[in-house]
Amino acid sequence: MENALRPLIVLGGSVVLTLLVVWVADVLLRRADLRHPETPLWGLLRRCRVPLRLVMLAGLLRGGYRETAWQVIRDHEVGIGRTLTLVLIGASAWLIVRIASAVVEATYARYAATTRHADRLRRVRTQVTLIMRIVTAVVGVVAVAAMLLTFPDFRAVGTSVLASAGLIGIVAGVAAQSTLSNMFAGFQIAFGDMVRIGDTVVVDGEWGVVEEVTLTFLTVRTWDERRLTMPVSYFTSKPFENWSRGGAQITGTVYFHLDHAAPVALMRERLRELLEKTSAWDGRAWSLVVTDTTPSTMVVRAVVTARNADDVWTLRCEVREQLIAWLYEHHPYALPRVATTTAPDRDRDLDPGDERTLVRDDDRRPPRSDERPAAPGPDGDRRVHTDARARRDDAPAAGRGTPPRRFPRPRS
């Protein structure tokens with residue numbers, strides 16, 4: 001009877017004790033969260049219930065599994081003990097990461113509730129994210145090393161590895177040069193305040209918002225919901241635009257190519273009316289001036305300000321659309337126009353009998369394909385005439401009932 005109850009007492013007692021302790025801890029955390037709603041730490045610590053159960057159950061079973069007196073357990077005592085040890089190490093690492101995450105998130109939440117500076121908040125968020133990744137990586141490496149050291153074979157290998165740690169470190173450093181450079185660049189970005197989560201940046205001609213920062217790569221979300229994944233070493237070795245650096249406020253420009261008769265003063269008044277009606281304008285500054293002219297148009301530039309990059313894009317599109325529609329409706333003459341006319345045919349309008357149809361064969365242009373040289377004139381001037389002139393000379397005189405148009409001779 002005693003041999004039958006002992007396994008039930010050991011296994012059942014471990015399970016019941018684990019559930020009881022975790023339940024009591026959860027009740028205490030819930031009461032603390034209700035008493036102190038301004039502190040999110042207690043509510044975040046409640047997420048540690050599952051790893052806490054595993055830690056307690058694995059610890060209790062690891063300490064009392066030999067007391068079951070089962071023959072199966074005695075035959076596989078080493079394997080069962082090692083398995084429980086591995087579960088205990090893994091659950092402990094999981095619990096440590098959850099506790100660290102709860103503490104870091106609670107600290108960040110309290111800081112976010114007290115500060116009003118968006119740039120500082122993004123900087124702290126970036127640093128907190130990287131710190132959590134570093135803690136997770138360190139705890140994971142330590143847990144894996146502890147698991148490997150539970151095996152006697154790996155224990156002997158570890159001793160020999162420590163003896164040649166210098167050579168292995170050099171080889172690993174050379175082999176993982178790019179990875180290590182990205183990791184150090186991640187530290188530099190996190191604590192050097194170069195780029196932060198939520199910053200608006202322009203990289204390789206792409207405009208987007210920094211969505212994620214890790215120790216090795218950085219993710220930028222573009223305006224069309226694409227994700228650009230770039231190594232963090234890019235931001236420490238190449239220039240890029242950070243529109244959120246020094247504040248999220250930004251200035252935008254809109255260019256118009258208009259006719260020289262465009263009413264600039266009326267456009268300026270219309271722009272002021274549009275800005276007063278839109279919520280995207282932050283009220284800091286605006287202007288409308290003529291910045292350049294061409295033979296057919298002039299360039300009008302409108303300058304507007306906004307709180308952030310998203311608002312300035314919306315404001316630019318709205319100003320461009322409203323002003324063009326206003327010009328088209330009230331001042332259509334201000335829109336650029338292209339004048340097109342038909343050039344007169346010189347050979348058709350000149351008198352066939354006028355010697356002005358003769359074209360001097362000078363060096364300013366080569367002869368056309370329908371021209372043929374004529375005999376030198378009495379003054380030695382060599383002239384050419386066209387086939388059209390020859391055809392008109394050969395035509396019967398009866399067909400020339402209408403007197404031809406005559407053009408005045410050019411004055412030398």
Side-chain angles (χ1 to χ4, degrees), residues 14-62 84 86-147 183 186-187 189-193 195-199 209-219 221 227 232 244:
S14 300
V15 173
V16 171
L17 184 60
T18 298
L19 295 177
L20 180 61
V21 171
V22 173
W23 178 77
V24 172
D26 185 60
V27 170
L28 295 177
L29 290 174
R30 188 185 302 115
R31 291 183 178 179
D33 189 24
L34 294 176
R35 291 181 181 179
H36 305 281
E38 72 281 358
T39 304
L41 176 62
W42 313 114
L44 295 174
L45 286 175
R46 294 185 61 194
R47 298 185 302 180
C48 303
R49 289 172 295 179
V50 176
L52 180 61
R53 290 194 188 102
L54 287 178
V55 169
M56 288 203 61
L57 184 59
L60 292 175
L61 292 178
R62 179 67 180 82
L84 293 175
L86 295 176
V87 173
L88 179 60
I89 294 173
S92 300
W94 188 12
L95 179 61
I96 292 173
V97 171
R98 281 290 182 88
I99 293 175
S101 176
V103 173
V104 170
E105 290 185 15
T107 304
Y108 172 75
R110 294 190 62 179
Y111 182 82
T114 56
T115 186
R116 295 182 179 180
H117 299 280
D119 53 346
R120 295 182 181 179
L121 189 61
R122 291 196 301 270
R123 178 181 61 191
V124 173
R125 182 183 177 186
T126 304
Q127 294 175 353
V128 163
T129 302
L130 288 180
I131 288 174
M132 272 308 306
R133 294 183 182 277
I134 293 171
V135 170
T136 303
V138 171
V139 172
V141 170
V142 172
V144 171
M147 290 179 180
M183 291 184 63
F187 283 109
I189 286 178
F191 300 100
D193 200 20
V195 119
R196 299 156 297 192
I197 296 176
D199 281 2
V209 179
V210 177
E211 189 176 47
E212 184 181 8
V213 179
T214 67
L215 290 177
T216 55
F217 67 90
L218 186 145
T219 303
R221 186 185 74 250
R227 266 65 175 178
V232 292
S244 302

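Residue pairs satisfying the side chain to side chain donor-acceptor pair (under 3.5 Å) criterion with at least one member in residues 89-100, sequence neighbours excluded, are absent.
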Please output the side-chain donor-acceptor pairs of residues 132-144 that fall under 3.5 Å, not counting sequence neighbours, one pair per line with the distance.
{"unit_1": "R133", "atom_1": "NH2", "unit_2": "E212", "atom_2": "OE2", "d": "2.8"}
{"unit_1": "T136", "atom_1": "OG1", "unit_2": "M132", "atom_2": "O", "d": "2.8"}

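Annotation: side chain of V213 is not in contact with side chain of T129 (no heavy-atom distance under 4.5 Å). The shortest side-chain heavy-atom distance between L95 and I99 falls under the 4.5 Å cut-off.
Annotation: the span from L84 atom CG to I89 atom CD1 amounts to 11.5 Å, rounded to 0.5 Å. Rounded to the nearest 0.5 angstrom, L52 CG and T18 OG1 are separated by 8.5 Å.
R49 is linked by a side-chain hydrogen bond (donor to acceptor under 3.5 Å, both in side chains) to nothing, counting only residues two or more places apart in sequence or in another chain. The side-chain hydrogen bond (donor to acceptor under 3.5 Å, both in side chains) check on R110 picks up nothing, with sequence neighbours excluded. When the salt bridge (Lys or Arg N to Asp or Glu O under 4.0 Å) test is applied to E105, the partners found at least two apart in sequence or on another chain are R47. Residues passing the side chain to side chain contact (heavy atoms under 4.5 Å, CB included) test with L19, sequence neighbours excluded: V15, R53. The side-chain hydrogen bond (donor to acceptor under 3.5 Å, both in side chains) check on D199 picks up R122, R196, N242, with sequence neighbours excluded. For R31, there are no side-chain hydrogen bond (donor to acceptor under 3.5 Å, both in side chains) partners at least two apart in sequence or on another chain. Qualifying side chain to side chain contact (heavy atoms under 4.5 Å, CB included) partners for V24, counting only residues two or more places apart in sequence or in other chains: L20, L28.
The two atoms that bring E211 and I197 nearest to each other are O-CG2, 3.9 Å, heavy atoms only.
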Please assess V55 against L88 for the test side chain to side chain contact (heavy atoms under 4.5 Å, CB included), listing each intermediate value before the final yes or no. CA-CA 6 Å; V55 169; L88 179 60; 4.2 Å; yes
